[in-house]
Amino acid sequence: MDMTTLFATLVDLLLKSAIVAFVANEIRGIVLAGPVLYGMYQAGGTLMAIWLGVCSLGGIALSVIVPLFIDKKFKIRERLKAKIQPA
């Protein structure tokens, strides 16, 4: 196994682990949204409870959306794959 193939394999494993981490982050977001929604329900839907819920859920959503936006904007995965393709 030459160095290029080894490097390509390692980068491929890194990208696959990043996908697993992304899915775990989505699950984390769903788990964190539950208590927020329940708290809004318990508070009776007051304006303050709704505002705090929107802010909390917005922060969770941004933690997922911003990395996706950065990846698409800078085309990070495509650049990495292009660099490591064996000739």
Side-chain angles (χ1 to χ4, degrees):
M1 182 183 288
D2 64 343
M3 191 62 132
T4 305
T5 308
L6 177 64
F7 185 68
T9 304
L10 289 175
V11 170
D12 187 50
L13 288 173
L14 180 67
L15 289 175
K16 286 179 183 175
S17 66
I19 291 170
V20 169
F22 177 75
V23 169
N25 190 38
E26 288 291 324
I27 293 169
R28 178 192 65 91
I30 292 168
V31 169
L32 290 176
V36 172
L37 296 173
Y38 182 72
M40 285 175 27
Y41 170 77
Q42 285 292 92
T46 64
L47 187 59
M48 180 59 81
I50 292 170
W51 177 249
L52 290 174
V54 166
C55 290
S56 296
L57 294 175
I60 294 167
L62 283 176
S63 75
V64 173
I65 293 169
V66 169
L68 285 176
F69 176 75
I70 290 172
D71 181 46
K72 284 187 179 189
K73 173 125 175 114
F74 296 110
K75 298 177 179 141
I76 295 170
R77 276 181 279 154
E78 287 84 8
R79 280 196 222 158
L80 281 174
K81 285 183 180 180
K83 282 185 179 181
I84 62 167
Q85 289 298 325

Exercise. Mark yes when over 12 heavy atoms from residues, nucleotides or ligands other than Phe22 sit less than 6.0 Å from its CZ; otherwise mark no.
Key: yes
Practice problem: Answer yes if Phe7 and Leu15 sit in the same cluster of Ile, Leu, Val, Met, Phe, Trp and Tyr residues linked by side chain heavy atoms under 4.5 Å apart, and no otherwise. | Solution: yes
Quiz item: CG of Leu62 to CG of Leu57: how many Å apart, nearest 0.5 Å?
Solution: 11.0 Å
Exercise. Output the distance between atom OG1 (Thr5) and atom CG (Asp12), rounded to the nearest 0.5 Å.
Key: 12.0 Å
Quiz prompt | More than 12 heavy atoms of other groups within 6.0 Å of Leu13 CG | solution = yes
Quiz item: Between the side chain of Ser17 and the main-chain N/O of Leu14, is any donor-acceptor distance below 3.5 Å?
Solution: yes
Quiz item: Do you know which two heavy atoms are closest between Pro35 and Val31, and how far apart they sit?
Solution: CD-O, 3.0 Å
